[in-house]
Amino acid sequence: MEYSSVEHGNNHYELELPHGRLHVFANSDVYQTFGAKVYEMADNNLRIPRHVYMSYTPDAHVGVGTCIGTTAVWNMKDGFVSPSIVGVDIGCGMRVHTTTLHRRDIQDRAVRRALIEAIEKYVPTKERTNTHYADIDIMNVVRHGLKGLPEKYVPQEQWLTHVEESTFRFEHAYLEHLPAQIRKYAHGQLGTLGGGNHFIELQVLEIEEGRAELAARWGLFDGQVVVMIHSGSRAWGAKLGQTYTSELRDAMYSWGVDNPDRNLIYAPIASREGQTYLNLMYSALNFAVSNRHMIAFGVREAFRDVFGAGLEMPVLYDLMHNYALKEAHRNQPMLVHRKGATRALPPGHYLNTAAYKETGHPALIPGSMGTSSYIMVGREEGMKNFYSICHGAGRARSRKATKELVTVDQFEQSLMVGTDEEILVNHRSLQTILDECPQAYKDVDQIIDSVVGASLADVVAKCKPMAAIKGV
DNA sequence: ATGTTC
């Protein structure tokens with residue numbers, strides 16, 4: 001594929017692909033790692049008519065239909081919505097809770113082991129087999145998000161306000177078109193972690209130099225113990241994604257729409273099919289934010305078992321990296337798809353939730369197991385990328401290739417097993433989660449350097465992992 | 001990522 005490119009400096013490249021313009025944000029080291037496949041994929045996405053904007057963040061890598069690390073924007077009035085550019089794990093996102101604990105309070109591995117076991121008791125990775133949360137009406141949750149949860153599951157008022165959205169509003173009449181069987185696992189899966197790259201980590205903060213004031217305003221301090229959660233909408237979103245990928249594929253066929261990639265699915269926002277997907281997608285976002293809320297509720301129970309019932313765990317923030325949101329940009333209503341891309345709004349931006357209007361909100365960026373995660377804040381210059389930054393390190397190689405390349409021994413070494421610095425894991429053997437080892441991912445520090453160098457966001461704190469809980 | 005199924 002032939003294309004020309006312009007280097008703007010500031011880790012910003014502009015590529016003229018056959019079907020349109022792609023912006024790439026990466027430092028030169030990361031930029032050089034992008035192969036032909038990600039550009040081919042971008043070009044297929046650029047065939048979707050009337051796109052306003054498309055970009056890759058430095059964590060971009062090949063996904064189904066669309067690369068993970070894509071921001072893609074259409075005008076609401078004549079644009080398209082794509083289940084492929086939302087991704088299969090609708091509403092997948094990050095959440096951080098703070099504590100008053102200091103690193104020294106969990107340095108003892110017996111304490112960390114107790115926390116891991118307590119968390120596993122309250123937060124299953126697959127589904128609950130007991131009758132917990134019988135008073136939660138799952139249809140209320142998918143309609144109203146956090147506001148559909150009984151009050152007793154809201155430990156502090158700020159659990160409802162320090163989130164990207166507490167309720168994603170949509171036309172509830174579309175619930176009539178929910179896939180058959182979608183309710184089957186929903187209740188038993190609320191407040192459960194899931195598998196793959198999803199995790200709960202105990203981390204310790206290192207406040208970035210010169211950022212103590214903002215950190216303090218957010219309730220963060222050096223050496224603080226925090227809990228980072230990465231999970232999504234479980235089977236609810238997966239089922240919706242599958243069903244509507246297939247329905248929209250049929251519609252594309254009937255309209256005679258042709259794309260070289262038959263895994264790239266899209267429909268006009270105004271079409272019946274587009275509207276059905278878009279509305280039901282918001283039910284998955286409500287499930288996802290409520291799922292992370294209930295996971296956090298379980299983590300809080302676990303911490304109280306270990307440290308006493310006086311302990312509170314305020315939420316720092318909860319935000320997503322797989323969705324399509326209606327946002328006003330350039331005085332126009334736009335549909336902003338973020339597939340493995342995180343919104344990072346600057347101080348004062350109107351889209352900020354009230355609690356973070358003045359400072360901008362924390363943008364939560366996970367690393368990989370054994371490497372740091374980051375808490376960042378957006379910059380005004382981020383406007384050039386519709387306020388999107390990376391969603392994490394980004395995969396460097398497939399799960400299969402990772403298992404062939406990396407040994408359990410190497411994985412153990414990267415977790416410093418057997419030393420005082422060991423990062424504890426809930427799994428007895430690392431073999432089952434070998435495809436989640438740090439070697440499967442790009443170097444997160446290079447990704448963060450790319451984002452900072454592009455003036456999209458700044459680092460507020462680095463989060464060092466002390467213990468990790470993973471599903472399979 | 002997901003539950004189910006060859």
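Residue numbers start from 1 in every chain, and the chains themselves are labelled A, B, ... in the order their sequence lines are given, proteins ahead of strands. Because the structure is predicted, anything quoted here is derived from the model rather than measured.
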When rounded to whole Å, the OH to C1' distance for the pair A/Tyr185 and B/dT2 reads 10 Å

When rounded to whole Å, the CZ to P distance for the pair A/Arg395 and B/dA1 reads 7 Å

Taken in chain and number order and not counting sequence neighbours, the residues that satisfy salt bridge (charged side-chain N to carboxylate O under 4.0 Å, His left out) with A/Lys442 are none

**Report entry** A/Lys184 vs B/dT4: side-chain N/O to OP1/OP2 distance below 4.0 Å
**Finding:** yes

In short, ring-ring contact (aromatic ring centres under 6.0 Å, His included) pairs touching residues 113-151 of chain A with sequence neighbours left out are A/Tyr133-A/Tyr153, A/His144-A/His172

To the nearest angstrom, the NZ-C1' distance between A/Lys239 and B/dT5 comes to 12 Å

When rounded to whole Å, the CD1 to P distance for the pair A/Ile68 and B/dA1 reads 9 Å

A/His198 NE2 to B/dT2 P, in whole Å, measures 5 Å

Give a yes or no on whether A/Arg113 atom CZ has more than 12 heavy-atom contacts from other residues, nucleotides or ligands under 6.0 Å away. yes

task: Would you mind classifying the nucleic acid contact of A/Gly194 as base, sugar-phosphate or nothing, using non-hydrogen atoms under 4.0 angstrom?
output: sugar-phosphate

Here the distance between atom C1' of B/dA1 and atom CD of A/Glu127, to the nearest Å, is 15 Å

When rounded to whole Å, the NZ to P distance for the pair A/Lys126 and B/dA1 reads 14 Å

Exercise for the section: Considering only NZ, NE, NH1 and NH2 on the basic side and carboxylate oxygens on the acidic side, decide whether A/Lys464 and A/Glu201 come within less than 4.0 Å. Expected result: no

Here the distance between atom P of B/dA1 and atom NE2 of A/His230, to the nearest Å, is 7 Å

